[in-house]
Amino acid sequence: MRLLLDFFPILLFFVAYKWQGIYMGTAVLMGATVVQMAIVWRLDKKLSTMHKATLVLILLFGALTLALQDERFIKWKPTVLYAAMALALAVALWIYHKNFLKIMLGSQIALPEMVWQRLTLAWVGYCVFMAVLNGYVAAYFSTDAWMDFKLWGYVFPVLFILGQGLYIARHLSEAPQGAASSAASEAPE
């Protein structure tokens with residue numbers, strides 16, 4: 001259900017784009033994202049920072065696209081989002097010495113500190129890569145080519161998430177053993 005919910009606005013965006021063009025696609029994306037966030041709010045009673053940022057950027061860039069009848073705004077939205085994510089993660093890690101990934105996911109996953117550091121660096125690199133790639137396609141290719149890139153470009157996050165999952169899995173198998181060993185050594189005999 002969550003996977004469908006995550007892809008619901010993008011799927012409707014593609015359908016509306018093929019049916020009526022970029023401006024209709026943009027309007028549908030804006031409406032579908034509002035509905036998506038309302039459902040997430042209803043299910044979770046909150047919106048994550050990422051949800052809020054996505055909603056604000058889609059509504060802002062979508063409104064600019066529609067008001068100015070300039071498709072460049074909606075095409076550059078992913079670049080801005082990825083660049084902002086990379087910047088936020090990097091500044092938090094290197095300037096404030098905070099690891100946002102660990103803060104957000106640390107209660108769900110027990111990983112060594114070095115793994116959290118590497119994951120954050122991987123996310124910074126991935127976000128920079130995607131920002132540059134989307135910016136390049138948005139600047140130098142047609143809207144149809146950009147839409148094809150958006151559709152087929154989903155291979156990048158899938159590969160990144162799979163790679164990240166494989167990396168984390170190696171360290172998850174170590175974490176419970178260490179926790180179990182220390183718990184066993186503390187148990188009274």
Side-chain angles (χ1 to χ4, degrees), residues 1-17 22-67 71-93 95-96 98-111 116 119-135 138 146-147 149-151 153-165 168:
M1 161 101 170
R2 283 289 181 164
L3 188 61
L4 179 62
L5 184 60
D6 288 342
F7 287 104
F8 153 73
I10 280 291
L11 179 64
L12 292 179
F13 176 59
F14 286 119
V15 170
Y17 171 77
I22 192 71
Y23 301 114
M24 178 61 74
T26 299
V28 167
L29 176 65
M30 292 168 69
T33 302
V34 168
V35 169
Q36 174 196 37
M37 294 305 154
I39 293 169
V40 168
W41 176 266
R42 181 141 173 103
L43 292 173
D44 299 341
K45 304 295 186 240
K46 65 177 181 164
L47 292 178
S48 69
T49 303
M50 187 64 190
H51 283 130
K52 292 174 191 174
T54 299
L55 178 62
V56 167
L57 287 174
I58 285 175
L59 293 178
L60 175 67
F61 281 77
L64 289 169
T65 297
L66 296 176
E71 63 194 37
R72 290 178 293 179
F73 289 104
I74 201 67
K75 288 166 62 175
W76 281 90
K77 190 269 315 167
T79 295
V80 171
L81 180 62
Y82 280 121
M85 286 174 48
L87 186 62
L89 289 170
V91 166
L93 186 64
I95 294 177
Y96 294 106
K98 303 272 185 202
N99 190 314
F100 277 165
L101 289 182
K102 183 177 179 183
I103 290 168
M104 291 187 302
L105 302 173
S107 64
Q108 299 168 6
I109 300 173
L111 295 171
W116 284 115
L119 284 174
T120 299
L121 293 175
W123 271 93
V124 169
Y126 169 74
C127 289
V128 167
F129 170 75
M130 290 302 293
V132 169
L133 186 58
N134 185 80
W146 178 78
M147 288 298 288
F149 164 72
K150 292 298 293 171
L151 178 62
Y154 271 99
V155 73
F156 295 115
V158 168
L159 290 175
F160 178 70
I161 289 169
L162 285 174
Q164 180 177 291
I168 290 172

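Keep in mind it's a predicted model, so treat the numbers as computed, not measured. For the numbers below, each heavy atom of this structure counts, side chains included, while hydrogens, waters and symmetry mates do not.
Considering CG of L119 and CD1 of I109, their distance stands at 8.5 Å, rounded to 0.5 Å. With values rounded to the nearest 0.5 angstrom, I22 atom CD1 is found 7.5 Å from T65 atom OG1. Taken to the nearest 0.5 Å, the CD1 atom of I161 stands 7.0 Å off from the CD atom of Q164. If you take CD on Q36 and CG on L12, they are separated by 10.0 Å, rounding to the nearest 0.5 Å. Taken from OH in Y126 to CH2 in W123, the straight-line distance is 6.5 Å, to the nearest 0.5 Å. Separating the OH atom in Y82 from the CE atom in M130 is a distance of 4.0 Å, to the nearest 0.5 Å.
Inter-residue side-chain proximity for S48 and M104 is flagged as unmet; no heavy-atom pair is nearer than 4.5 Å. Side chains of L55 and V34 form a contact here, defined as non-hydrogen atoms less than 4.5 Å apart. You'll find the side chain of L81 reaches within 4.5 Å of the side chain of M50, heavy atoms only. Between L29 and I74, the closest side-chain pair of non-hydrogen atoms falls below 4.5 Å.
Other residues, nucleotides and ligands place no more than 12 heavy atoms under 6.0 Å from the NZ atom of K46. In the displayed structure, M37 atom CE is contacted under 6.0 Å by more than 12 heavy atoms of other residues, nucleotides or ligands. The number of heavy-atom neighbours closer than 6.0 Å to CZ of F100, taken from other residues, nucleotides and ligands shown, is 12 or below.
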request  = Run the numbers on L59 and T33 for side-chain contact (heavy atoms from CB on, under 4.5 Å), then give the verdict.
outcome  = CA-CA 9 Å; L59 293 178; T33 302; 6.0 Å; no

request  = Begin with the C-alpha distance, continue with both residues' side-chain angles, and end with the deciding distance and a verdict on side-chain contact (heavy atoms from CB on, under 4.5 Å) for F156 and L133.
outcome  = CA-CA 11 Å; F156 295 115; L133 186 58; 3.5 Å; yes

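Pairing each heavy atom of M85 with each of C127, the nearest pair is CE-SG, 3.6 Å. G62 and T26 make their closest contact through CA-CG2, 3.6 Å (heavy atoms, listed as atom of the first residue, atom of the second, distance). Of all non-hydrogen atoms in A131 and T79, the two that sit nearest each other are O-OG1, 3.2 Å. Counting all heavy atoms, side chain and backbone alike, G25 lies closest to F13 at O-CD1, 3.0 Å. The two residues W41 and L47 have their closest heavy-atom pair at CE3-N, 3.8 Å. Smallest separation of non-hydrogen atoms from A90 and V124: N-CG2, 3.9 Å.
Checked by atom type and distance alone, the side chain of E71 never pairs as donor or acceptor with a backbone atom of Y23 at under 3.5 Å. Remark: side-chain polar atoms of W116 are paired, donor with acceptor, to backbone N or O of L111 under 3.5 angstrom.
N134 and W146 share a side-chain donor-acceptor pair at under 3.5 Å.
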